[in-house]
There are 2 protein chains.
Amino acid sequence: MSEKIYIGVDLGGTAIKVGICNEEGQLLHTYEGPTEVDKGPETIVDNIERYVRLVVEQSPFNWEQVAGVGAGVAGFTNVREGIIIFAPNVGLKDFHIRQILEERLDKPVKIDNDANVAALGEAWGGAGKGIDNCVCYTLGTGVGGGIIIDGKIYQGFSGLAGELGHMSVVPDLEAIQCGCGKMGCLETVSSATGIIRMANDAVARGDRTELALVENITAKDVFDAAKVGDEVALRIVNRAAFYLGKSLAAVAVVLNPEVFIIGGGVSKAGDILFNEVRSVFAQFTPEPVQAGLRIEPATLGNDAGMVGAAGLFLRS
Amino acid sequence: MSEKIYIGVDLGGTAIKVGICNEEGQLLHTYEGPTEVDKGPETIVDNIERYVRLVVEQSPFNWEQVAGVGAGVAGFTNVREGIIIFAPNVGLKDFHIRQILEERLDKPVKIDNDANVAALGEAWGGAGKGIDNCVCYTLGTGVGGGIIIDGKIYQGFSGLAGELGHMSVVPDLEAIQCGCGKMGCLETVSSATGIIRMANDAVARGDRTELALVENITAKDVFDAAKVGDEVALRIVNRAAFYLGKSLAAVAVVLNPEVFIIGGGVSKAGDILFNEVRSVFAQFTPEPVQAGLRIEPATLGNDAGMVGAAGLFLRS
């Protein structure tokens, strides 16, 4: 048993997911436990260590085979220094997680933010398998992004490459302010939060829609209503898809990727979203840049974070 | 005299410019002669060979020191195969220029398109000297672009990365069709052609502007009028700057570059353009992505093509 294995840790606000990957990006074993954010940093680190050791114990592999431990964190990270700058949902700030985990586990550790590791996971073992250059969007509460160049996460000058949710795509007259302080960011219209806001606005305006009967509208409610022909819901879905498609078109002339991978909760809407995104993309992208390019749903779902975190060792 | 030198060829529709660079990207000697497009491909190749040999003969270097010859071509190129796919201004199509020049010169040859080599030139020996990651815009008849990642030209999946002039940035209601067939491309508003078109439209509409007195309006006329307070001209300049600034903001969240370099004829307008571009960029770019980022005019002018072509050997 000399095969090397890589452990990926997906550190979120509710759960810590830990998985074992082989060198081909296949997820072989997983373990999941609570983060216990309320108990503070020491407990969080205890939990990570415990789950990492447990997933190996429960597998046919042994600790010596572990070549490295990667972690994806929902928050701002300093990849080079291995520091969590700020992870509001996990309650960590200026936290030297790499050093702490390396001491506890006696294994090399690498970290990156959740959008980047999810992108790497999809590129390594998911919808982008075998593809060197791809761009991933994660449509969730916000809109995250990750750029994969030559099979690796592209960080940019200060580690902020791939902040795709903050591309300003909505024209001024229709734009609202984003959490980042700027106007018209993609995140304001194509995230779950954006879709819910547009639905609530429509109901408050008195638009005729079955969404008026729903308490606490979710993005799924909006897609479900659109699928059965609710015109207001369909207008909202098309607006989310329109600006996502325009953003893809903008990225395409910059990076000329082979594949766009769209993941996150909102992407589960399926064809009603993807058909419109592909149509808008085709409308705004020069033909030669469209040639051979694919727009695909993510395939790893919630496993992308674990796979990508494990991949930090082979592909960064 | 064992120092290696690199020869850069800037192949344009009117002139062929040939320069010698050292390994630091300094342009040491140049020669310029007519392309003679009307005499056909054989003469063009004869001229390239002649000028390349001449520039070395006229320099203190000898032929043995030439480590490689790079060429930048105004047109579509297949970098990997060394083929000019289509260069309308040079009258060449499906032309195996690399193979032909390698046989004639008995030196290794590399090619790329003019926007990419200009970007590499600025990154290597111009405004981006010492910078690994930068993005260059060339504002001329069209809008060209080049992406430099880790000091090298980034090609993308099919060699079309950095087609920045074809980012659709103008909202539908104001958009016009671009030469590429799509609506609202940056090139329709921020190129010399776009600026001239907006000026001619204003004059035709009867807007009160001193441009009405100018025959065959140039982009320089528009900038000159704007500088002395012509409101119509200023509106046009601000519109060109607005969409350029928005495009920079979009690229910034994708690539997080350290420097944007703006070159080409239109960039000579100076502060009246750059101040507005910087202001719009700041308006639409999240603060963390702005931090440390600079927007600079190109410094090599018409030499960028020669320098970048020579750089193809050290930086590709």
Side-chain angles (χ1 to χ4, degrees), chain A residues 76 85 131-135 145 147 149-150 154-175 178-186 242 245-247 249-259 280 282-293, chain B residues 76 85 131-135 145 147 149-150 154-175 178-186 242 245-247 249-259 280 282-293:
Chain A
F76 294 97
I85 298 168
I131 301 297
D132 279 342
N133 300 311
C134 64
V135 176
I147 312 284
I149 289 182
D150 294 335
Y154 181 66
Q155 299 287 351
F157 159 56
S158 55
L160 294 169
E163 284 288 347
L164 305 175
H166 299 291
M167 185 182 290
S168 181
V169 287
V170 185
D172 288 7
L173 289 174
E174 303 175 40
C178 178
C180 78
K182 299 301 174 181
M183 301 293 290
C185 291
L186 179 64
F242 179 80
K246 282 212 82 170
S247 156
V251 173
V253 294
V254 178
L255 285 175
N256 182 212
E258 186 167 358
V259 182
V280 173
Q283 188 188 338
F284 289 107
T285 307
E287 307 291 343
V289 179
Q290 286 185 50
L293 186 150
Chain B
F76 294 96
I85 298 169
I131 301 298
D132 280 341
N133 299 311
C134 63
V135 175
I147 312 284
I149 289 181
D150 293 336
Y154 181 65
Q155 299 286 352
F157 159 55
S158 55
L160 293 169
E163 285 289 345
L164 304 175
H166 300 290
M167 185 182 289
S168 182
V169 288
V170 184
D172 288 7
L173 288 174
E174 303 175 39
C178 179
C180 79
K182 299 301 175 181
M183 301 293 290
C185 291
L186 179 65
F242 179 80
K246 281 212 83 169
S247 155
V251 173
V253 292
V254 178
L255 285 174
N256 182 213
E258 185 166 358
V259 181
V280 172
Q283 189 187 336
F284 289 107
T285 307
E287 308 291 342
V289 178
Q290 286 185 50
L293 185 151

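Letters A, B, ... mirror the listed sequences (proteins, then strands); counts begin at 1. Keep in mind that the numbers below use all heavy atoms, side chains included, and drop hydrogens, waters and symmetry copies.
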What residue in B/L255, B/T285, B/L186, B/V169 has the most heavy-atom pairs under 4.5 Å with chain A? B/L255
Please classify the contact between B/F284 and chain A as side chain, backbone, both or neither, with a heavy-atom cut-off of under 4.5 Å. both
Can you tell which part of A/I147 gets under 4.5 Å to a heavy atom of chain B, answering side chain, backbone, both or neither? side chain
Heavy-atom pairs under 4.5 Å with chain B: which of A/Q155, A/E287, A/H166, A/M183 has the most? A/H166
Would you mind checking which part of B/P288 comes under 4.5 Å of any heavy atom in chain A, side chain (CB onward), backbone (N, CA, C, O), both or neither? both
Find the one option among B/C134, B/S168, B/G165, B/C178 whose heavy-atom pairs under 4.5 Å with chain A are most numerous. B/S168
Chain B shares the most heavy-atom pairs under 4.5 Å, among A/E163, A/K182, A/K246, A/Q283, with A/K182
Sub-4.5 Å side-chain heavy-atom contact between B/E258 and B/D132: no
Is it the side chain or the backbone of B/A250 that comes within 4.5 Å of chain A heavy atoms, both, or neither? both
Select, from A/G145, A/C180, A/A252, A/S158, the one with the greatest count of heavy-atom pairs under 4.5 Å involving chain B. A/S158
Correct closest heavy-atom pair for A/A161 and A/G156 would be CB-N, 3.7 Å
Chain A contact via B/L160 - side chain, backbone, both or neither, heavy atoms under 4.5 Å: both
Under 4.5 Å, counting heavy-atom pairs only, tell me which of A/I149, A/V251, A/L164 racks up the most with chain B. A/I149
Quick check on A/A291 against chain B: is it the side chain, the backbone, both or neither that has a heavy atom closer than 4.5 Å? backbone
Is it the backbone or the side chain of B/S247 that comes under 4.5 Å from a heavy atom of chain A, or both, or neither? neither
So does A/D150 get a backbone contact from the side chain of A/N133, meaning a donor-acceptor N/O pair under 3.5 Å? yes
Quick one: what part of B/A282 sits under 4.5 Å from any heavy atom of chain A, side chain, backbone, both or neither? backbone
Has B/N256 got a side-chain atom pairing as donor or acceptor with A/G159's backbone, closer than 3.5 angstrom? yes
